[in-house]
Asks: 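The structure follows.
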2 protein chains.
Amino acid sequence: MNATRAKLMAAAVAVLRDEGMAGLSARTVAARAGVNQALVFYHFTTLNGLVDEACRQTVDDSVEFYRTRFAAVDSLVELLHAGRELHERERAAGNVALMAQLLSGAQRDDVLGDAARYAMATWNREIEVVVRRVLATSPLVGIADPAGLARAVSASFLGLELYEGVDREGALAALDALEQLGVLVEVVDDLGPVASRALRARMRRTRRGR
Amino acid sequence: MNATRAKLMAAAVAVLRDEGMAGLSARTVAARAGVNQALVFYHFTTLNGLVDEACRQTVDDSVEFYRTRFAAVDSLVELLHAGRELHERERAAGNVALMAQLLSGAQRDDVLGDAARYAMATWNREIEVVVRRVLATSPLVGIADPAGLARAVSASFLGLELYEGVDREGALAALDALEQLGVLVEVVDDLGPVASRALRARMRRTRRGR
DNA sequence: GTCTATAAGATGATAGAC
DNA sequence: GTCTATCATCTTATAGAC
């Protein structure tokens with residue numbers, strides 16, 4: 001694979017992480033890559049074309065990295081631990097900030113829109129498999145919706161990352177509170193069969209009541 | 001109050017909602033307001049100054065609108081209903097999209113950063129009061145953190161709104177799944193005193209174990 | 001493939017007429 | 001307060017030399 005292409009894609013990701021969509025231009029990216037600005041258009045036709053490819057590859061790499069880790073998860077406790085580890089690691093790598101900026105820019109541009117849809121779908125597909133497997137042995141099976149939960153989790157992480165950009169302490173407090181709620185689900189998960197049955201009956205009733 | 005000032009502020013909010021930060025410029029805002037571009041700088045000194053004032057006022061107005069509504073909430077069931085109503089209404093008004101774009105732009109600009117901090121703090125303050133009051137009569141009192149939960153809720157809504165911009169169906173599925181989990185908390189809330197005590201003891205143990 | 005040079009246009013912001 | 005006209009700077013993108 002071409003070395004300049006790779007340098008430009010890495011630089012595009014770096015600029016989006018550090019400066020956001022507002023700081024992105026063919027010139028800022030090229031300067032970061034240490035190459036000439038015209039090469040952006042030679043290799044990727046348009047600036048958004050570069051962002052598109054760069055984001056897709058970043059997501060593919062991340063998801064690939066976690067595939068084996070996810071495969072080992074088969075209980076809610078393990079899922080909470082894996083989720084925390086994933087979040088810490090992705091955050092440190094700046095990948096969540098990257099996604100947030102991509103989604104933000106995607107509201108206006110169709111190319112970025114496709115890239116954003118691809119990124120979210122790739123993550124959601126992976127998360128949904130794990131959530132589905134974990135829920136299978138939980139009292140919540142048949143009640144909770146794995147596809148919806150997977151989407152809620154990834155979207156919430158995005159929002160938390162945006163928030164962290166302006167208020168780090170507040171975002172950390174939010175994460176702790178969510179982990180707390182995760183523990184609640186964990187406790188429910190550990191209920192005996194009688195309590196489980198009662199809970200499920202109660203939730204079915206509440207659902208119908210809405 | 002000056003009419004042109006008001007028109008420019010309304011136009012800035014409209015542009016941010018419909019086109020995002022990427023579509024914002026003194027010219028696009030002025031065109032939308034039906035006034036000359038130079039007036040942005042006459043009235044607000046800089047473009048970000050205009051965005052700053054416009055966002056602050058929008059947040060103040062929204063929070064003010066919900067203050068009486070929130071004051072009537074004193075149970076988890078009511079909180080879930082009020083939250084759903086608030087979300088629908090704010091989403092329809094485009095205020096969540098506005099916040100998401102503000103937060104996105106705030107990663108790079110200090111003026112927008114201040115505005116974003118103000119907006120989040122204003123919402124969080126209001127939500128936290130309600131969460132605290134509701135938790136007071138819940139088995140989760142002393143376990144769940146109202147300040148953290150308030151921040152988690154507002155940040156998650158932001159992420160969901162960004163996600164909805166690229167995948168409407170996915171975002172709606174996520175919202176439904178979250179409402180489902182809300183029902184779970186509601187069920188816990190309705191436990192009798194014996195079950196409550198058992199749950200709290202169990203959660204304390206789990207917390208220490210971490 | 002990579003560079004320089006440059007076109008064609010958008011941007012924030014200001015000066016000055018009215 | 002509002003306008004026109006303008007500056008300096010930045011943008012994406014291309015043409016053509018090497």
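In the text below, chain A, chain B and the rest are named by the order of the sequence lines, each starting its count at 1.
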Asks: Between B:Arg27 and B:Leu39, which is nearer to the 5' end of DNA chain D once each is assigned its nearest nucleotide?
Replies: B:Leu39

Asks: Using atom CZ of B:Arg5 as one end and atom C1' of D:dG1 as the other, report the distance to the nearest whole Å.
Replies: 13 Å

Asks: Work out which heavy atom in B:Glu90 is nearest to a heavy atom in B:Ser62; give both atom names and the distance.
Replies: OE1-OG, 3.3 Å

Asks: Begin from the C-alpha positions of B:Leu160 and B:Glu164 and carry the test side-chain contact (heavy atoms from CB on, under 4.5 Å) through to its verdict.
Replies: CA-CA 6 Å; B:Leu160 281 166; B:Glu164 184 172 347; over 6 Å; no

Asks: A:Arg69 and salt bridge (Lys or Arg N to Asp or Glu O under 4.0 Å): which single residue from A:Glu126, A:Glu78, A:Glu85, A:Glu64 fits?
Replies: A:Glu85

Asks: Starting from P on C:dA15, measure out to CZ on B:Phe41 and report it in whole angstrom.
Replies: 13 Å

Asks: Taking only heavy atoms on the protein side, list every residue of residues 8-26 of chain B lying under 4.0 Å from any atom of DNA chain D, sorted numerically.
Replies: none

Asks: Using a strict threshold of under 4.0 Å (side-chain N to carboxylate O), is an ion pair present between B:Asp18 and A:Arg108?
Replies: no

Asks: Distance only, no hydrogens: is a donor on one side chain within 3.5 Å (strictly under) of an acceptor on the other, for B:Asn124 and A:Tyr163?
Replies: yes

Asks: Taking OH from A:Tyr42 and P from D:dG16, how many angstroms apart are they, rounded to a whole number?
Replies: 17 Å

Asks: Whole angstrom is fine here: how far is it from NE2 in A:His43 over to P in C:dG1?
Replies: 6 Å

Asks: What is the distance, to the nearest angstrom, from the CG atom on A:Leu50 to the P atom on D:dA13?
Replies: 11 Å

Asks: In whole Å, I'd like the distance from the CD atom of B:Gln37 to the P atom of D:dG1.
Replies: 19 Å

Asks: Is the shortest distance from a Lys or Arg side-chain nitrogen in A:Arg56 or A:Asp60 to a carboxylate oxygen in the other one below 4.0 Å?
Replies: no

Asks: Take atom CG of A:Asn2 and atom C1' of C:dT2, then tell me their distance rounded to the nearest Å.
Replies: 11 Å

Asks: Roughly how many Å is it from CG in A:Leu47 to C1' in D:dT14, rounded to a whole number?
Replies: 15 Å

